[in-house]
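These notes concern the structure reproduced below.
Being a predicted model, the structure only gives us computed values, none of them experimental.
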Amino acid sequence: MARYYFHLTDGKQVLSNHNGVDLPGDAAARENATALARDLKNGAAMRDWNWAGWFVAIVDEHGRTIEKVPIADI
């Protein structure tokens, strides 16, 4: 298991996740990021936020960005 962090960013601002979650690998992290992006786009949290230009950045336990999932495009 590896620890992954899901930060929300528009390239200028970052809403950081400091807790992270243990997942079996990058594929599972991508699935979680996609689900998070879908939830945010559909108003599950931060309902009035404009997500245009925002991404869920998947960061591994070594601080490497694995992928950025665009929230508005989900």
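- What you find for P70 and A37 is that their closest heavy atoms are O-CB, 4.5 Å.
- The closest side-chain heavy-atom distance from V21 to L23 is below 4.5 Å.
- Residue pairs that meet the side chain to side chain donor-acceptor pair (under 3.5 Å) test with at least one member in residues 28-41, sequence neighbours left out, are R30-E67.
- Under the salt bridge (charged side-chain N to carboxylate O under 4.0 Å, His left out) criterion, D22 pairs with R3, not counting sequence neighbours.
- Although no hydrogens or angles enter the test, the distance criterion places a donor-acceptor pair under 3.5 Å between the side chain of Y4 and the main chain of D26.
- Nearest heavy atom pair, residue D10 against residue Q13, reads OD1-N, 2.6 Å.
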Chi angles and distances behind the side-chain hydrogen bond (donor to acceptor under 3.5 Å, both in side chains) call for D60, Y5: CA-CA 6 Å; D60 71 10; Y5 302 86; over 6 Å; no
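- Taking the side chain as every heavy atom from C-beta outward, V59 and H7 approach each other to under 4.5 Å.
- Distance check, rounded to the nearest 0.5 Å: CZ of F55 to CD1 of I71 gives 9.0 Å.
- Ring geometry for W54 versus W51: interplanar angle over 60°, hence perpendicular rather than tilted (30 to 60°).
- When side chains are defined from C-beta on, I74 does not count as touching N42, because their heavy atoms never get closer than 4.5 Å.
- In this structure, V69 and L36 have side chains that are not in contact, with every pair of non-hydrogen atoms separated by 4.5 Å or more.
- With contacts defined as side-chain heavy-atom distances shorter than 4.5 Å, the pair L8/V56 qualifies.
- In terms of modelled atom types and a separation under 3.5 Å, the side chain of T9 and the main chain of G11 share a donor-acceptor contact.
- Residue V14 is not grouped with residue W49 when hydrophobic side chains (ILVMFWY) are merged at heavy-atom distances under 4.5 angstrom, including chains of intermediate members.
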